[in-house]
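All figures in this text were calculated on a predicted structure; none of them were measured in a lab.
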Amino acid sequence: SPYFFLAEGNYPFPSTYITFSVTEGKAFPLPSWPMRVACERGIDADFGVRVDGSVADVNFTLSLGDLEVAVDWADATGNGDTLTAEQLEASGVMRLPPPP
């Protein structure tokens, strides 16, 4: 996951160590302490995402307002394509920070 890579490359200096290895030789430098940078950008905020079911069994539903994604091992289905723009806006998904 991106968070694993940020943590693995969490050095006190800018580094291309992780990005070089996961982007087929294209070096995009991570900033010094990339996990701190991600947290400063809101990655650690509570956005009200609910998880129902068993994450350990990979059989759960993620909910954010009216937006839902059901995960069952290798399958993930969601209702985002059936929601109105107003429902998506009200869910808060648009306020989630972009990946670092």
Side-chain angles (χ1 to χ4, degrees):
S1 82
Y3 306 117
F4 173 82
F5 293 128
L6 285 176
E8 191 172 275
N10 202 35
Y11 304 122
F13 50 83
S15 172
T16 60
Y17 170 68
I18 298 299
T19 58
F20 184 82
S21 68
V22 300
T23 58
E24 298 179 11
K26 297 176 185 168
F28 301 100
L30 291 174
S32 302
W33 301 116
M35 287 299 292
R36 291 181 186 179
V37 172
C39 289
E40 289 169 2
R41 294 185 180 171
I43 202 169
D44 62 344
D46 180 0
F47 290 95
V49 176
R50 294 181 320 276
V51 179
D52 297 307
S54 174
V55 175
D57 293 332
V58 194
N59 189 353
F60 57 91
T61 300
L62 299 169
S63 303
L64 184 60
D66 290 335
L67 182 62
E68 291 188 353
V69 177
V71 178
D72 185 4
W73 192 245
D75 298 316
T77 56
N79 68 342
D81 60 340
T82 66
L83 300 178
T84 66
E86 292 78 21
Q87 287 173 301
L88 288 171
E89 182 65 35
S91 75
V93 71
M94 306 308 278
R95 292 187 301 275
L96 294 174

Audit row: V58, D72, side chain to side chain contact (heavy atoms under 4.5 Å, CB included) steps and yes/no: CA-CA 6 Å; V58 194; D72 185 4; over 6 Å; no
F28 and T16: CA distance, side-chain angles, deciding distance, side chain to side chain contact (heavy atoms under 4.5 Å, CB included) verdict: CA-CA 6 Å; F28 301 100; T16 60; over 6 Å; no
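Here T82 contributes atom OG1 and L67 contributes atom CG; the two are 9.0 Å apart, rounded to the nearest 0.5 Å. The CG atom of D66 sits 11.5 Å away from atom CD of E86, with the distance rounded to the nearest 0.5 Å. Separation of atoms OG (S15) and CD (E8) is listed at 10.5 Å; rounding is to 0.5 Å.
Both V69 and L64 are assigned to one and the same hydrophobic cluster, defined by single-linkage of ILVMFWY side chains at heavy-atom distances under 4.5 Å. Side-chain heavy atoms closer than 4.5 Å link hydrophobic residues (I, L, V, M, F, W, Y) into clusters, and following such links, even through other members, never connects F20 to F13. In this structure, W33 is not a member of the same hydrophobic cluster as L30, with clusters built from ILVMFWY side-chain heavy atoms closer than 4.5 Å.
When each of T61, L62, V71 is paired with V51, the side chain to side chain contact (heavy atoms under 4.5 Å, CB included) condition holds for L62 and for no other.
Taking every heavy atom of both residues into account, P31 and V37 meet most closely at CG-CG2, 3.9 Å. Taking all atoms of both residues into account, the shortest heavy-atom contact from S63 to E68 is OG-CG, 3.7 Å. Residues P12 and S32 approach most closely at O-OG, 3.6 Å, considering heavy atoms.
Summarising the local packing, OH of Y11 is surrounded by more than 12 heavy atoms from other residues, nucleotides or ligands at distances under 6.0 Å.
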